[in-house]
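To keep things clear, I will list the structure first and then write my remarks on it.
Keep in mind the model is a prediction, meaning the values are calculated, not measured. Just so you know, these numbers use all the heavy atoms, side chains as well, and skip hydrogens, waters and symmetry mates.
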Amino acid sequence: MTETSAKRGSDRADKARGGNAISRLFGAISLFVRQILDELRKVVRPTGPELVRYTTVVVVFVMVMMALVSLLDFGFTRLVSWVFAGPS
């Protein structure tokens, strides 16, 4: 790194640290909002059929998991009843 480029970089860093607290706060907020908007421009939104397909996959998966947990709950309940109350 040359002396000139190092000096330029430090000037920018000094300016970033300078100023009063209010201007630094608003500068940080505006930078944050700009970065959010830049990221939102990169988002690819699903088409209608993709949205329906994704929603269907999620609903089916949740229903399968609910059935699995319900079966396990029923099985463990029967097992605990058998262990503590005896076979009936």
Side-chain angles (χ1 to χ4, degrees):
M1 183 185 289
T2 64
E3 186 177 321
T4 326
S5 62
K7 191 177 216 180
R8 259 189 247 137
S10 65
D11 286 344
R12 272 187 257 141
D14 290 340
K15 285 181 184 177
R17 280 187 234 120
N20 64 22
I22 301 297
S23 65
R24 284 195 316 252
L25 174 68
F26 284 115
I29 291 172
S30 69
L31 174 65
F32 181 68
V33 170
R34 276 195 313 262
Q35 289 174 343
I36 288 173
L37 294 176
D38 287 342
E39 289 299 320
L40 283 175
R41 284 186 195 102
K42 297 177 189 176
V43 172
V44 178
R45 290 167 183 81
T47 63
E50 286 176 334
L51 186 62
V52 169
R53 187 177 331 126
Y54 297 157
T55 303
T56 304
V57 167
V58 169
V59 169
V60 169
F61 176 76
V62 168
M63 290 175 69
V64 167
M65 293 307 295
M66 285 173 50
L68 179 67
V69 169
S70 297
L71 287 173
L72 287 172
D73 180 50
F74 179 74
F76 285 129
T77 302
R78 298 286 294 209
L79 178 66
V80 169
S81 294
W82 182 77
V83 167
F84 290 110
S88 47

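- If you take CG on D73 and CG on L68, they are separated by 11.0 Å, rounding to the nearest 0.5 Å.
- A side-chain contact (heavy atoms from CB on, under 4.5 Å) with M66 is found for exactly one of V69, V62, V64, namely V62.
- Looking at W82, F74, F76 one by one, the single match for side-chain contact (heavy atoms from CB on, under 4.5 Å) with R78 turns out to be F74.
- One finds the CZ atom of F26 at 15.0 Å from the CG atom of L31 (value rounded to the nearest 0.5 Å).
- Taken together through direct or relayed side-chain contacts under 4.5 Å among Ile, Leu, Val, Met, Phe, Trp and Tyr, L51 and V58 form parts of separate hydrophobic clusters.
- Under the side-chain hydrogen bond (donor to acceptor under 3.5 Å, both in side chains) criterion, D38 pairs with R41, sequence neighbours left out.
- The minimum heavy-atom distance linking P46 with E50 is given by the pair CA-OE1, 3.3 Å.
- Rounding to the nearest 0.5 Å gives a distance of 7.5 Å between CG of L40 and CD1 of I36.
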